[in-house]
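Take a look at the structure below.
Hydrogens, waters and symmetry mates play no part in the numbers below; they use all other heavy atoms, side chains included.
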Amino acid sequence: MVIALAEPRRLSPVQPRTMVEQAAEAIVAAAARGLFLPGDRLVEAEIARDLGISRVPVREALRLLESQGIVVSTPYKGMRLMQVTNAGVAALMRVRFALESLAVREALRQPGGAERFEGLEVAAMGYRQAAELGDPALIVLADGDFHAELCRVSGNAPLLALWQSLARQLAVIWGLAQQTRVPEAPEAEHGVLIAALAAGDEAKALAALEAHVGWNLTFDFEAVLEERRRPPAGL
């Protein structure tokens, strides 16, 4: 009798999101809500206590965020949330606009009709629902989902990967503006962009995208950050 030996696994079984990834998401969400401001020190022990987990996954989460440019490690000063300056935002937005402009062009060259953009409709609805709830972190996440879907529908996997590598930096930036920018404006802009894509109008879609991204270039992030850091009156 010949007994067949089981072949060794070549790949590890798929696991649900790790605690490290969840901790990283929690830190970014806290930044979007204004609990951490750009330049704030991120204390590993305090974050672990607040999340109710050990320090090990928090330490790894901070290292992950450092690799993505969201956290900066300074000798003798520990980990700090990325700085946000108007010039830095402008530089990031130029890269983002280049990626998303390419996404628009390539999405319109994909086969099919307006049904290609149904995922964008769903993402826009998700943003609308987040705006109604009023949680800055959910609004930022939903806005990111919309733009990730725009890159996904392009059919260009490297483009999507590059956009996702910037997503958490964008979340920190967008979170800083949530207290002063009404969410209805992006909602309307999403609609204009989707309509242009569904109509196959590349020029109009690119113009809508440029207008949508343009607020980042006129918004004074440094002034908002200074205001947020100012102690409440009477203290």
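- Counting heavy atoms from C-beta on, the side chains of R41 and K77 never come closer than 4.5 Å.
- In this structure, S73 OG and R80 CZ are separated by 10.5 Å, a value rounded to the nearest 0.5 Å.
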Walk me through whether S154 and L160 qualify under side-chain contact (heavy atoms from CB on, under 4.5 Å).
CA-CA 8 Å; S154 73; L160 174 61; over 6 Å; no
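- Taking hydrophobic clusters as Ile, Leu, Val, Met, Phe, Trp and Tyr residues chained together by side-chain heavy-atom distances below 4.5 Å, L120 shares a cluster with F97.
- Under the 4.5 Å side-chain criterion, counting only non-hydrogen atoms from C-beta, R96 is not in contact with Q169.
- With sequence neighbours excluded, the residues that form a salt bridge (Lys or Arg N to Asp or Glu O under 4.0 Å) with D40 are R229.
- S101 contributes atom OG, which lies 5.5 Å from atom CG of L206 (distance to the nearest 0.5 angstrom).
- Summarising the geometry of L193 relative to A205, their closest heavy-atom pair is CD1-O, 3.4 Å, with the distance given to 0.1 Å.
- Proximity of L150 to L197: side-chain heavy atoms (C-beta onward) are separated by under 4.5 Å at one or more points.
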Step-by-step side-chain contact (heavy atoms from CB on, under 4.5 Å) determination, F219 to V224
CA-CA 9 Å; F219 191 86; V224 170; 3.5 Å; yes
Determine, stepwise, if the pair E106 / R109 fulfils salt bridge (Lys or Arg N to Asp or Glu O under 4.0 Å).
CA-CA 5 Å; E106 297 205 356; R109 285 160 178 73; over 6 Å; no
Should V72 and E66 be marked as a side-chain contact (heavy atoms from CB on, under 4.5 Å) after you check the CA-CA gap, both sets of side-chain angles, and the distance that decides it?
CA-CA 6 Å; V72 178; E66 183 181 14; over 6 Å; no
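- The aromatic rings of H212 and H147 sit parallel, their planes meeting at an angle under 30°, below the 60° perpendicular limit.
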After noting the C-alpha distance and the side-chain angles of E46 and R49, does the key distance pass the salt bridge (Lys or Arg N to Asp or Glu O under 4.0 Å) rule?
CA-CA 5 Å; E46 293 178 359; R49 181 197 62 211; 5.2 Å; no
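- Here E118 contributes atom CD and E149 contributes atom CD; the two are 10.5 Å apart, rounded to the nearest 0.5 Å.
- Closest non-hydrogen pair, S165 versus L162, comes out as OG-O, 2.5 Å.
- In this structure, the separation between CG on N216 and CG on L170 is 8.0 Å, given to the nearest 0.5 Å.
- Considering all non-hydrogen atoms of both residues, V84 and F221 come closest at CG1-CB, 4.0 Å.
- Side-chain contact check for L37 versus L81: every heavy-atom pair is 4.5 Å or farther apart.
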Step by step, would you call R128 with H190 a side-chain hydrogen bond (donor to acceptor under 3.5 Å, both in side chains)?
CA-CA 10 Å; R128 190 178 309 121; H190 290 164; over 6 Å; no
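- Atoms CD and CD, on E21 and E25 in that order, are 5.0 Å from each other to the nearest 0.5 Å.
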I194 vs F146, test: side-chain contact (heavy atoms from CB on, under 4.5 Å). Steps then yes/no.
CA-CA 11 Å; I194 293 171; F146 178 87; 3.7 Å; yes
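- Using a 4.5 Å cut-off between side-chain heavy atoms of Ile, Leu, Val, Met, Phe, Trp and Tyr, with links allowed through other members, I47 and M79 fall into the same hydrophobic cluster.
- By the 4.0 Å N-to-carboxylate-O rule, R63 lies too far from E44 to be salt-bridged with it.
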Assess whether side-chain hydrogen bond (donor to acceptor under 3.5 Å, both in side chains) is satisfied between R116 and Q110, documenting all intermediate values.
CA-CA 8 Å; R116 287 171 292 168; Q110 292 295 315; over 6 Å; no
Would you check, one step at a time, whether the test salt bridge (Lys or Arg N to Asp or Glu O under 4.0 Å) holds for E210 with R94?
CA-CA 10 Å; E210 185 173 14; R94 288 195 295 273; over 6 Å; no
